[in-house]
Amino acid sequence: THRDLKNTLDIELINRWASKPEIERTEPLVFLASNGKQISRWLELHLSRVGVVSGANFYILRDVDVEVRLEKQNQKSMKKQDAQLSVLTSALNVSRNGFAIWKAERDSSGTISTFTLVFINETGAAPTGKMPRQLMGDNITRVLGEDQSRDLAVLFTQALDEHSTVSEVVQLNSPTGWVGAYLNEVMPIGDDQVLASFRDVSEDQRERDRLNWLAQHDHLTGLPNRRNLEDILEKSLANVRGKGKFVAFAFVDIDDFKNVNDLHGHDVGDDLLKAFAQRMRQSLADVGVVARLAGDEFAVVMDSIDSAEHLKENCDKLMTAMHRPFDDLLPAISVTCSAGIAICAGDEPITEVLRIADKAMYRAKHDGKNRYNVVHI
């Protein structure tokens, strides 16, 4: 050994190791040896148990330079990856979006049976009230709940099958804490894993729903508006077309409504319109949909009328209900109304239905108000 090693420091290191009691030399001595020419290699020295002669020790010196350098390079790479992962995790944890990595678990036939949570950031875990480490390793059913996990599992599977990013708003109402509408963008990242970026869009969706509702409803009474009414009427006509049934469509106007505004003011007039709308809806709840067109003009689509007698019964009920004083108003107000009703078999254009009902309503007004006029198209 001394002849092979040129560096006195290496020789001293070996002598110190060899002079230790054997019980302290359970591990081989691994050291970086120099040959004096600025060339160094990692060597391993250990006591041999083969061919031991009494009073003599045999040592084996082995060149382990490749193994040691590869191990050190691997450790260096792992430290670099750990540092990069730490930076990435810190960045994801301060993000306002949730991030999660899910791994597909397959059965013996190769079919995906579930997904296991590999990683989730703090924002993503927040709805559950748990820390990320408490969720990681659980399957998707345990994390989200049995019913709520199905839609997301389908989305994850789609991303893996199509090898592309997919997105969808998923409604969750899970006992595990996930409640609301979440926009999920799912991307396959290899090794049967997907990266899901998600954020709670419940407020955005509620605002969209509110705007959609306002676009289709009257802001004062909450009834469907004219745009919505035409859609309802078109569906009702389609439902009876060719079936031997009919739809009754009615325009309803409050008689002399201008006098209410002139005598009591527009605030009282608005209160009357709201009360009138509510009473119409209550009296026709079982047979039709009530809408407000403008001012004191209302409309009704009755698609559950099965006979002329049934229609007359409901029209009489409506007129009687609207004639009762509105005692909740201050002052209490009594009004009457006029209605024009078009009976349709389903083949008529909507514009024709509206025109006939409007004409019938004005005929009722001309005949003295407080009545209804029925026209069969």
Side-chain angles (χ1 to χ4, degrees), residues 218 221-226 228-257 260 272-328 333-377:
D218 171 55
T221 63
L223 295 177
N225 58 16
R226 188 182 189 97
N228 197 355
L229 170 72
E230 292 185 1
D231 290 339
I232 294 170
L233 177 57
E234 184 173 6
K235 290 177 183 177
S236 296
L237 292 173
N239 287 337
V240 301
R241 191 173 299 141
K243 297 178 181 179
K245 299 181 180 181
F246 65 89
V247 171
F249 175 78
F251 276 129
V252 181
D253 274 12
I254 300 176
D255 295 330
D256 303 314
F257 178 72
V260 176
L272 174 61
L273 290 172
K274 288 186 284 187
F276 190 90
Q278 183 178 6
R279 191 177 292 181
M280 280 189 70
R281 189 159 43 188
Q282 290 171 344
S283 64
L284 296 173
D286 297 332
V287 295
V289 178
V290 180
R292 182 188 178 209
L293 305 184
D296 63 326
E297 300 174 3
F298 294 83
V300 184
V301 178
M302 292 179 276
D303 57 3
S304 300
I305 303 297
D306 51 23
S307 66
E309 291 76 15
H310 191 200
L311 174 62
K312 183 178 185 304
E313 176 187 335
N314 281 281
C315 290
D316 290 342
K317 179 181 177 181
L318 172 64
M319 300 301 286
T320 301
M322 307 321 292
H323 191 265
R324 294 199 316 268
F326 290 89
D327 296 328
D328 293 339
I333 296 174
S334 295
V335 295
T336 60
C337 62
S338 300
I341 305 169
I343 306 300
C344 321
D347 297 318
E348 304 81 0
I350 289 181
T351 54
E352 182 67 6
V353 175
L354 299 179
R355 186 186 70 81
I356 295 298
D358 188 53
K359 186 176 180 180
M361 189 266 294
Y362 277 102
R363 178 61 185 269
K365 283 184 175 292
H366 181 269
D367 289 345
K369 304 177 183 178
N370 190 25
R371 67 191 66 217
Y372 60 89
N373 184 34
V374 180
V375 176
H376 292 262
I377 300 179

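Numbers here simply count residues along the sequence, with the first being 1. What you see below is based on every heavy atom in this structure, not just the backbone, and it leaves out hydrogens, waters and symmetry mates.
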Can you find a heavy atom in the side chain of [X] that is under 4.5 Å from one in the side chain of [Y]?
X      : Y      : answer
Arg226 : Leu354 : yes
Val353 : Ile377 : yes
Val300 : Val289 : no
Ser334 : His323 : no
Arg281 : Leu223 : yes
Phe249 : Met302 : no
Arg324 : Arg279 : yes
His310 : Val287 : yes

Would you compute the distance between atom [atom1] of [X] and atom [atom2] of [Y] and round it to the nearest 0.5 angstrom?
X      : Y      : atom1 : atom2 : value
Cys315 : Arg371 : SG    : CZ    : 14.0 Å
Glu230 : Leu293 : CD    : CG    : 9.0 Å
Ser338 : His366 : OG    : NE2   : 12.5 Å
Cys337 : Asp296 : SG    : CG    : 10.5 Å
Glu352 : Ile350 : CD    : CD1   : 12.0 Å

| message | Please identify which of these residues, Asp253, Asp256, Thr336, meets the side chain to side chain donor-acceptor pair (under 3.5 Å) condition with Lys369. | response | Asp256
List the atom of [X], the atom of [Y], and the distance in Å for their closest heavy-atom pair.
X      : Y      : answer
Asp255 : Asn370 : OD2-N, 3.0 Å
Asn225 : Ala291 : O-CB, 4.5 Å
Met280 : Leu318 : CG-CD1, 4.0 Å
Gly295 : Leu273 : O-CD2, 3.5 Å

Sub-3.5 Å donor-acceptor pair from the side chain of [X] to the main-chain atoms of [Y], do we have one?
X      : Y      : result
Arg363 : Gly340 : no
Asn373 : Met361 : no
Arg355 : Asp358 : no
Lys245 : Arg241 : no
Gln278 : Phe276 : no
Thr320 : Lys317 : no

| said: Quick check on the 6.0 Å ring-centre criterion: do Phe298 and Phe251 meet it? | reply: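 No.
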| Is it true that the side chains of Asp218 and Thr221 contain a donor and an acceptor less than 3.5 Å apart? | yes
| query | In terms of side-chain geometry, is the basic nitrogen of Asp316 or Lys312 positioned less than 4.0 Å from the acidic oxygen of its partner? | reply |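 A salt bridge is present here (some side-chain N lies under 4.0 Å from a carboxylate O).
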| message | side-chain contact (heavy atoms from CB on, under 4.5 Å) for Ile341 and Val375? Distances and angles first, verdict last. | response | CA-CA 6 Å; Ile341 305 169; Val375 176; over 6 Å; no
| task | Would you sort out whether Phe246 and Val240 count as a side-chain contact (heavy atoms from CB on, under 4.5 Å), showing the intermediate values? | result | CA-CA 6 Å; Phe246 65 89; Val240 301; 5.8 Å; no
| request: State whether the number of non-hydrogen atoms from other residues, nucleotides or ligands found under 6.0 Å of Glu234 atom CD is greater than 12. | output: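 No, the 6.0 Å shell around CD holds no more than 12 heavy atoms from other groups.
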